[in-house]
Amino acid sequence: MDVRVTNVRKEFDRFPALHDVSLDIHSGELIALLGPSGSGKTTLLRLIAGLEMPTTGRIFFGDTDASEWTVQQRNIGFVFQHYALFRHMTILENVSFGLKVRPRSTRPPAGEIRRRALELLDLVQLSGLEKRYPNQLSGGQRQRVALARALAIEPAVLLLDEPFGALDAQVRRELRKWLREIHDRTGHTTVFVTHDQEEALELSDRLCVMSQGHVEQVGTPDTIYDQPSSPFVFGFIGESSQLPVTLVDGEIRHGNTAIGQSSGPLTAGPARLFFRPHDVDIVEPGAGLTGTVHSSRRVGGTRRVELDLGAGQLAEIDLPFDQAFSQSAAISFRPRRWQLFSAG
Amino acid sequence: MGFTLAYFSLIIMLPLLALAIRSAGLGPMGFWAAATDPRVLGALRVSFVTALIAAAINVVFGTLIAWVLVRYRFPGRRIFDAIIDLPFALPTAVAGIALTAIYAPNGVVGSLFAPLGWRIAYTPAGIVIAMVFIGLPFVVRTIQPILEEVSHEVEEASATLGASRFQTITRVLLPSLTPAILTGFALAFARGVGEYGSIIFIAGNIPFVSEIAPLLIYIRLQEFNYVGATVIATVMLLISFALLFAINLIQAWSRRRYGYGH
Amino acid sequence: MATKLTARRRRKASPTSESPLVQGLLIALSLLFMGVILLLPLYAVFHEALSKGIGSYFAALLEPDAQSAIRLTLLVAAIAVPLNLIFGLAASWAIAKFEFKGKAFLITLIDLPFSVSPVISGLVYVLLFGAGSVLGPFLKSYGIEVLFALPGIVLATIFVTFPFVARELIPLMQDQGSGDEEAALSLGANGWQTFFRVTLPNIKWGLLYGVLLCNARAMGEFGAVAVVSGKIRGQTTTIPLQVEMLYNEYNATAAFALASLLALLALVTLVLKSALEWRFSAEIAAGNH
């Protein structure tokens, strides 16, 4: 189901957590809300769920205004970071809970509830554990139970709040892949909150990057990574360096070094240049930006070198890990791809 | 270390040993005969039945009070929270005469019921009142810390799954409190069964009707019938031990299954 | 329109709380119950004590038997509380810092006086020191009276109050472990210095808390003391026993006057206890009661 958030503002005790946020969530997509803590991503998720009510603004489920619906009326599936399983119920009872509490008129017969719950446990690969208690499962297993429980009510939207945040790195990666598979199989519209950009980039169809209660950019992982629309997004997603530059007749200059032509709307005056460490070309000494090696470290298959460009400016570039250079050697490079943002 | 054990033996073990030896000296037949004396059975019945009723009342109101104190904010909450411990601090004899003054037919509350023909003081109802007074903090103080630990997320999870607030409370919250409630019940019950000071004033102490077992021990002692007193005490002790054991079982079971005990 | 919506939403209960109406009802019901069950008796004590005027209130307190009961109660507490304080320290020290066989059993037994009827607590001393016992006549031949005399009352009081300090300190000391002490010892402090400069400051508020509860119970104990005291007026009657005797003699005003002293003690205890809990909650382990 489509979910539309329009001009939503949320205050807690007069302190604004979200300012005028709008977001269209398409039916069947897997969208990530990504941002640092305090960016309002969890608040937005809880507003969609109906666990919080917006101060102003509206939320539509399909074409219907759901702003006034209670959490129970919204029929959403919610997965919490710390699982929030019912400790006194078995796994099967946990998964069946949402169906068992329905009013008699819409409640499936007991046999049907059991069948469906077992089916879901099978989907999350926990068959055979239905008689266990949550306390007897590992963290990863608990989160899978939580997902099965949320799916049991056939939710209009599936909402996950940092679902892998409490798990260790290995389990995290496994569950990430597995969540994607489940999503592809069931096709639920899914919104998940994360502060882990790797997770968001890998898992989602689209990302919504948030900062300080605003939506910074919404787009596919490729768009977000390759065409960040703001300095915040460029800095927050992936590795990057920024340099103060001056535009003269559309030419980008760093000091006396010309870097290239500005293709954007900025043509004159000071600006900020952003580029990624792997988007650089090494050039002849003096033919580009030149800096001395400040430090270097091994990152995966490359060597990341921090160059001191003088005047306290540092830039990071990637070199082949087998390229030899000495400490405080001078290296010249030129960014291959970049983005310009106005200074300030 | 040595001091600890010596003091401990002197104060606790020696007296208990005396009790055991005395009742063992009676022989099984003699013990049985003394334990099944009709007046003894009557007193035990009064003690256990009233304690059961009082503990049940305390479970209901104790849970409610713990809930209100943990979940709601209202003026005077901290004072009421402190007042819960009054029965721990107020000497039982004082509580006894005060409760009697209130619930006697001419007392503040008693006079409300007297015209209806209901007597509270000097009947088993009075015993229940006194036991409710002394047992209440056990239930509240057992449930309170567990309730404080219940995560908000569990309630939200229940709501997102479509459960009404009432369903969340009855199916999610209360069941997760069950071990604490059972423990509180057992503690209040054990305390009620053994209580003496606050009850003897309000009970009326009529054999077979409102005479409690601890009072009968006292009466036997006054008659220098040490054997009779010892037998009643032994029976009560055995039942208390069984209760303690049950409490431990509840907690072990709850820890094993849910990962938390009381 | 926005403001109208806001107002309507505010009134709606959040998904994890009850509507204000339900909350109000539950609060009212709880407070009513607590008022009737807990506060009314407290009020009744002072009301009855002062029912015949302030003059007869003080007359009742100054009466010689009352005076002697007050003195005896203070004396008993003055003996029993320090002894239990020392024992409590020693026991919790032993339990927290050492491993030994039967430790779990010892912890269980420390709670025993809480779950035993006070009358039974008294009874065991009657059996131990009474006419038919071995010890009683033996001590009597040396002129030592235990039963129906001060020693019996003190022993019974110690028995019923001895868990308070110990069980307050055990969780506290177990929590703190022995790291601090080991550090102090490694820095060259001797055992006593370590105890007074490291251990004691760490547990002082918990200790005070336990002593407070122990004292309240020691001064107010009724059932156990009633059994061993013999209730000799002016000699072996503590305040609670004197209250009972006056009450049974239909001298209710005097009984309530004396009782009001104990009720005051209870109130002071509660106030101090709450103050300690609010200020030092982190330093007082949750192991009370």
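Naming: A, B, ... by sequence-line order, numbering from 1 per chain.
Remark: the C:Asn84 side chain and the C:Thr161 side chain contain an N/O donor-acceptor pair separated by less than 3.5 Å. In this model, a donor atom of one side chain and an acceptor atom of the other lie less than 3.5 Å apart for B:Glu195 and B:Ser198.
Residues B:Phe88 and B:Phe138 bring their aromatic ring centres within 6.0 Å.
Heavy atoms of B:Leu221 lying under 4.5 Å from chain C belong exclusively to its side chain. With a threshold of 4.5 angstrom between heavy atoms, C:Leu212 does not approach chain B through any atom at all. With a 4.5 angstrom heavy-atom cutoff, B:Leu69 does not touch chain C via any of its atoms. With a 4.5 angstrom heavy-atom cutoff, C:Ala226 touches chain B via backbone and side-chain atoms both. Heavy-atom distances place both the backbone and the side chain of C:Glu244 under 4.5 Å from chain B. The contact between B:Tyr218 and chain C is made by backbone and side chain atoms together, counting heavy-atom distances below 4.5 Å. In this structure, chain B has heavy atoms under 4.5 Å from both the backbone and the side chain of C:Val227. Heavy-atom distances place both the backbone and the side chain of C:Val36 under 4.5 Å from chain B. With a threshold of 4.5 angstrom between heavy atoms, B:Leu64 approaches chain C through its backbone and through its side chain. Interface residue C:Ala259: backbone and side-chain heavy atoms are both found under 4.5 Å from chain B.
Your options are B:Ala159, B:Pro214, B:Gly76, and the one with the most heavy-atom pairs under 4.5 Å with chain C is B:Pro214. Most heavy-atom pairs under 4.5 Å with chain C: of the set B:Trp67, B:Phe166, B:Phe80, B:Phe224, this distinction falls to B:Phe80. Between chain C and the residues B:Thr234, B:Ile97, B:Thr92, the most heavy-atom pairs under 4.5 angstrom are made by B:Ile97. No other option in B:His152, B:Arg78, B:Gln222, B:Arg220 has as many heavy-atom pairs under 4.5 Å with chain C as B:Arg78. Your options are C:Leu241, C:Thr269, C:Leu26, C:Val45, and the one with the most heavy-atom pairs under 4.5 Å with chain B is C:Leu26. In terms of heavy-atom pairs under 4.5 angstrom with chain B, the leader among C:Ile239, C:Leu258, C:Leu31 is C:Leu31. Ranked by non-hydrogen atom pairs under 4.5 Å with chain B, the options C:Val271, C:Leu89, C:Ile120, C:Val116 are led by C:Ile120. Counting heavy-atom pairs closer than 4.5 Å to chain C, the top residue among B:Thr168, B:Asp81, B:Val193, B:Thr230 is B:Thr230. No other option in B:Ile129, B:Val108, B:Ile84 has as many heavy-atom pairs under 4.5 Å with chain C as B:Ile84. Taking C:Ile27, C:Leu42, C:Ile37, C:Leu262 one by one and counting their heavy-atom pairs under 4.5 Å with chain B, the maximum is reached by C:Ile27.
Between B:Arg141 and C:Glu277 no salt bridge is recorded (no basic side-chain N to carboxylate O distance below 4.0 Å).
One distance of note links CG of C:Leu25 with CD of C:Glu18; it measures 11.5 Å at 0.5 Å rounding.
Using a 4.5 Å cut-off on side-chain heavy atoms (C-beta onward), B:Met236 and B:Ile217 make contact. The shortest distance between side-chain heavy atoms of C:Gln23 and C:Ser17 falls below 4.5 Å.
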